[in-house]
Amino acid sequence: MLHLIRHLTINSIIRHMKTHALKLFSFAVMGAMMISCGGGESEKSTEPVSSTEPSTETPAETPAETTPEMVEFTITGNDQMQFDLSKMEVIEGQTVRLTFKNIGTMPVESMGHNWTLFVKDADISTYATKAIDHKEDGYQVPDMMDQVLVHTRILGPGEEETITFTAPEKGIYKYVCTFPGHYALMKGTFLVKGE
Ligand SMILES: [Cu+2]
């Protein structure tokens with residue numbers, strides 16, 4: 001009788017242990033499922049950052065110095081007997097504000113420069129040849145000034161001069177430096193367009 005009771009007791013303990021073990025196992029499985037499901041929910045959004053910054057590009061502007069009424073130029077001459085502009089374009093009647101700079105370093109006696117604009121059909125080679133004898137006149141020819149529209153004085157190293165004049169009637173004009181020996185190299189076209 002005692003043996004039977006002991007057996008039942010042991011059986012019930014084992015059964016109880018098995019039940020408990022199953023419960024523990026069930027909790028473990030449920031826990032693992034919850035963790036794996038929770039992992040998916042916690043994923044961070046990786047949406048690309050949208051580029052809503054305004055463009056830093058600014059539209060091309062008409063140079064401030066150019067209006068229908070006025071145009072500005074800066075032109076240089078150097079020790080290699082070169083103008084840095086070989087062509088300028090303006091509109092007839094426009095006010096032209098031109099700054100001429102001698103950017104060379106050689107003395108004015110050997111490498112002076114001017115900017116001289118001639119009338120349409122000027123005889124520039126004759127003018128420049130005569131100018132050689134007119135150092136005291138800034139290498140301009142007093143009795144041929146009908147050939148010249150406008151000019152600067154002779155500039156030494158580092159000097160500059162600004163002249164203002166009204167663009168003549170439309171056509172093709174020429175400018176040179178009249179310092180002796182320079183006009184063949186220091187020359188350019190001054191194109192005047194109609195309005
Ligand atoms: Cu010159």
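Just so you know, ligand 1 is whichever comes first in the structure, and atom 1 is the first atom listed for that ligand.
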Leu149 and Tyr173: CA distance, side-chain angles, deciding distance, side chain to side chain contact (heavy atoms under 4.5 Å, CB included) verdict: CA-CA 10 Å; Leu149 282 170; Tyr173 300 78; 3.6 Å; yes
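- By the neighbour-count criterion of 12 heavy atoms within 6.0 Å, atom NZ of Lys120 is densely surrounded, having more than that number from other residues, nucleotides or ligands.
- If you check the side chains of Asn114 and Thr152, you find no donor sitting under 3.5 Å from an acceptor.
- Considering Trp115, Phe118, Phe165, Phe100 in turn, Trp115 is the only one that fulfils the ring-ring contact (aromatic ring centres under 6.0 Å, His included) rule with Tyr175.
- Within a 6.0 Å radius of CG in Asp146, more than 12 heavy atoms belonging to other residues, nucleotides or ligands are found.
- Using modelled atom types and a 3.5 Å distance limit, the side chains of Thr99 and Glu161 yield no donor-acceptor pair.
- Around the Cu ion (ligand 1), the protein N, O or S atoms found under 2.8 Å comprise His113 ND1, Cys177 SG, His182 ND1, Met186 SD.
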